[in-house]
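Notes to accompany the following structure.
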Amino acid sequence: MTYIIEGQTGDWEVVVGLEVHAQIASKAKLFSGSATEFGARPNTQVSLVDAAMPGMLPVINEYCVEQAVKTGLGLKARINLESVFERKNYFYADLPQGYQISQYLKPVVGEGVVVIALPGAAPREVGIERLHMEQDAGKSLHDQDPRRTYVDLNRSGVALMEIVSKPDLRSPEEAGFFVRKIRSIVRYLGTCDGNMEQGSMRADVNVSVRKVGETGYRTRAEIKNVNSIRFIMETIEHEAERQVEVYETGGEVVQETRLYDADLGLTRSMRAKEFAHDYRYFPDPDLLPLVLSQEYVDTIAATLPELPDDKNARFISDYGLSPYDAGVLVAERETAEYFETVARGRDAKQAANWVTGNLFGALNKKGLTITASPVSAENLGALLDLMADDTISGRIAKDVFEQMMDTGKAPGAIVEEKGLKQITDTGPIEEAVDRVIAGNPDQARQYRDGNGKTLGWFMGQVMKATGGKANPKLVNQILRAKLRE
Amino acid sequence: MTMLTGLTIAQARDGLDKGDFSAEELAGAHIEAVERVRHLNAFITETPELALDAARASDARRAAGGALGAMDGIPIAIKDLFCTEGVLTTAGSHILDGFVPPYESTVTANLKAGGAVMLGKTNLDEFAMGSSNMTSYYGPVINPWKAADGKHRVPGGSSGGSAAAVAARAALGAIGTDTGGSIRQPGAFTGTVGMKPTYGRCSRWGVVAFASSLDQPGPMTRTVRDAAIMLQAMAGFDAKDSTSAPRDLPDFEGALASGVKGMRIGIPNEYRMDGTPKEVENLWRKGIQWFKDMGAETVDVSLPHTKYALPTYYIVAPAEASSNLARYDGVRYGLRVPGDSLDDQYELTRAEGFGDEVRRRVMIGTYVLSAGYYDAYYLKAQKVRTLIAQDFRNAFEDVDVLLTPTTPSAAFVIGEKMDDPIAMYLNDIFTVPASMAGLPAISVPAGLSRDGLPLGLHLIAPAFDEITLFRAAAALEEAADFTARPGETGE
């Protein structure tokens, strides 16, 4: 499934590398004790350190370090036992210190690898270059006043992980799957909530193009601060097309920072002057090098939860699921847990079908996530049990499920309340069968003349007559016997 | 009351304990002295009411028989680089106009918790950048010592106000900060004891930053014992400063009487520099003899990278300063000069708010960190810095403490060297190496120049071995028997 841009001069491919900024799920900031809650009133979560008052000093938040290491382990990456915080110097109104504390030459996490599996393609490894910790800046609000800019420092100092991929991605789809995979991993680990709408995750997208067959890389453009997977995919598409056009009209792509305009569906160059920074990185003398022991890393490794890839493999081998179903079920930790609760001690295939089919469909319709599902995993399991022991038929089960979705009640209670229990006594079924045959002599004759299709019609009639409650298997048996009489 | 201002901290402590006088009387005497020497311009902000309140509170604690701090009732001066809650803090700069911190630095909080009484905030070179106190936005400080020519001398810098206040008997002690010699050099110029602890001994939290990897608060007093008493009250691990040392404090004062018999005193060859005035060399020679007479052994040692210390310092310190001072942007506090755009506002505010020397160092620092220059300057300087530190470690395998002059000359005339930054920077030639290595060092007044101005001798000890430093300093002090007094005091 190669992604090719057909140009005037030949076929082009796109080369993409991503820098994913993931906010560390921490109650406190990276170097101060301030809260990090989303949506708080402006400038209510700002300490003296965040406001860069004279003489204030940063102190590393150990919890954030643990989350970064955990994420590094989740990316199967090398953990650097010594890393260094540096200062990235530039002036801006929402950067009170006049520098951002970040990791530059010595990040806490080195090279790793993430596996992405596109539908219909073999799983592919995408290289991770590094992961480093850094502070977020504050927010400049330009739309509050026609003349003035307001500054909200609530985000100032919030801990971010920047996860940098190698330029291994070759299509918008791959980039989308990569971000989904990163999000899935950090959510499994609990190190970032992955919430792109609230800005907890965003990406800088590096795009270049080259002729198919070329081995080197051409000049790339960096599209900053893209905040949804859809936009990431769109921006790659548009930027790649723009670059092909530049080359094919005899131009050169310049290395620059661009912004994605989702409304117009194009990328725009940010003014070069404004962003031609020399950041003058140097080790922050207020902070000692971050030194971790191997035991510390090992302890974190020992508490790592099962990650999506491992879970995926286990679902396929233990439950006999198709790779597709397994992939869908492990994408979110909550879904996987839900599924396992349903599947435990039951028909796993059937459980998977119900979760990915009926449940997902119903949740979608209601716009709910699985954690907010009115039907608990326990109740869905109980519904499968009612089918397994012939208390209800599959058809009735669908009705019961709908009512469970609406009321949140347990399936047993609904079956009881509504009298949906399956009829398994042969007496009432025989009665109904007799009645239907007696009322439809023509159709009965057709069956006897060898038109087997009429059996289905009779089944429907009998089920209708019993309000759908008759055990279909018994109806079938009895019908065949009686029609032959 | 004049007698009270002539006491040492140790004597004042005993007097308070015995009830010879009250903390209020002691504070009152010093408040008067501060007023009497106001023309020296040693203080930027005087806080007499706060001092009296603190002194009365101390007297009340004493009367109640409650636990007393190590500095209870002792009036001291605070370099205006320390943030003091509710009291104007200027760093000697126009750019911090009207800045009243809502927080108290750890060191001043420790001192206050120890019962110390703050008389006021002392003058300093702007952002502690200088060796003369001439770069202060609040004007120069006049050295209370007078030479025969009658010309005013500088008190040294950057802690010039603190040094002048202590020398002029306007405070029993003071605190300063030392980045490349800013405590020790003014100590030498004013005939006082200036002590720079090991980097990490005293918290930098709440101290307006100049060069973070070098800045270190320390005591400025009239005796070595007083320095030990003050350091005990100032120092200690602080979780709010990541570079603060998680070590217990030894009993500094308790070490003083141990003497130096058998101690090995290193004399670094490289500190014998061309152009050093005879009187400085002679004093150094005298110091060596004193130690020999006291039963110590003096040993020639080599610190081969000494000559690189000053140039290296003038790369590292400005580099850090250029970044540390980026926060003074007119956005949140201090001076703001409005402009047509944000960049405009930055430029106007910083151009008006910073003086020449600060701007010079911000520019040097920005330059040495710039792309294309970083490796040649900053990175190289850091490598040299590790070599300088290694020199000292090697020397300390053989000796216990090093003895050198503190400064290449006595206090110079106000206004001199102002047009020659290099000549000004050379003032710190003997103090900078220990700063680069983070080592504890002390200047002890040891004699007078031909002009009758004080000269200091300088001791350097291994990291966190302030005990040895104080032992040697106490012995040196006794041998030097420096009893001269400045011409102008508040008495």
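Heavy atoms only: backbone and side chains are in, while hydrogens, waters and symmetry mates are out. Every chain is numbered from 1, with letters handed out A, B, ... down the list of sequences.
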Any chance [atom1] of [X] has more than 12 other-residue heavy atoms, nucleotides or ligands included, within less than 6.0 Å?
| X | atom1 | answer |
| --- | --- | --- |
| A:Lys166 | NZ | yes |
| B:Tyr377 | OH | no |
| A:Arg220 | CZ | no |
| A:Gln144 | CD | yes |
| B:Lys240 | NZ | yes |
| A:Asp145 | CG | yes |

For [X], is it the side chain, the backbone, both, or neither that has a heavy atom closer than 4.5 Å to a heavy atom of chain A?
| X | result |
| --- | --- |
| B:Ala91 | neither |
| B:Arg204 | both |
| B:Tyr373 | neither |
| B:Thr366 | both |
| B:Pro101 | neither |
| B:Leu96 | side chain |
| B:Ala239 | backbone |

Completion exercise
Residue from A:Leu48, A:Val151, A:Ile60 scoring the most non-hydrogen pairs under 4.5 Å with chain B is A:Leu48

Completion exercise
Counting heavy-atom pairs under 4.5 angstrom with chain B, the leader among A:Ala52, A:Pro58, A:Ala93 is A:Ala52

Exercise for the section: Identify the heavy atoms of B:Arg332 and A:Ala51 that sit nearest to each other, and give their distance. Expected result: NE-O, 2.7 Å

Practice task
Over all heavy atoms of both residues, which pair between A:Pro283 and B:Tyr378 is shortest? Give the atoms and the distance, please.
Solution key: CD-CE2, 4.1 Å

Pairwise distance [atom1]([X]) to [atom2]([Y]) - rounded to 0.5 angstrom:
| X | Y | atom1 | atom2 | result |
| --- | --- | --- | --- | --- |
| A:Glu86 | B:Ser323 | CD | OG | 11.5 Å |
| A:Met53 | B:Arg327 | CE | CZ | 10.0 Å |
| A:Leu288 | B:Ser213 | CG | OG | 11.0 Å |

Exercise for the section: Name the member of B:Trp205, B:Phe82, B:Phe99 that forms the most heavy-atom pairs with chain A at distances under 4.5 Å. Expected result: B:Trp205

Completion exercise
From the list B:Ser203, B:Gly206, B:Gly334, B:Gly330, the residue making the most non-hydrogen contacts under 4.5 Å with chain A is B:Gly206

Exercise for the section: Evaluate the side-chain contact (heavy atoms from CB on, under 4.5 Å) criterion for residues A:Arg280 and B:Tyr374: first the C-alpha distance (whole Å), next the side-chain angles of each, then the deciding distance (0.1 Å), finally the verdict. Expected result: CA-CA 8 Å; A:Arg280 289 170 283 124; B:Tyr374 180 87; over 6 Å; no

Handout entry: Flag side-chain contact, heavy atom, 4.5 Å: A:Phe31 against B:Ser242
Key = no

Exercise for the section: Check whether any side-chain N or O of A:Asp278 sits under 3.5 Å from a backbone N or O of B:Ala371 as a donor-acceptor pair, and report yes or no. Expected result: yes

Problem - Partner of A:Pro54 by side-chain contact (heavy atoms from CB on, under 4.5 Å), out of B:Val208, B:Thr89, B:Asn324, B:Leu325 - result: B:Val208

Need one label for [X]: side chain, backbone, both or neither, based on atoms under 4.5 Å from any heavy atom in chain B.
| X | value |
| --- | --- |
| A:Phe91 | both |
| A:Asp286 | both |
| A:Tyr281 | backbone |

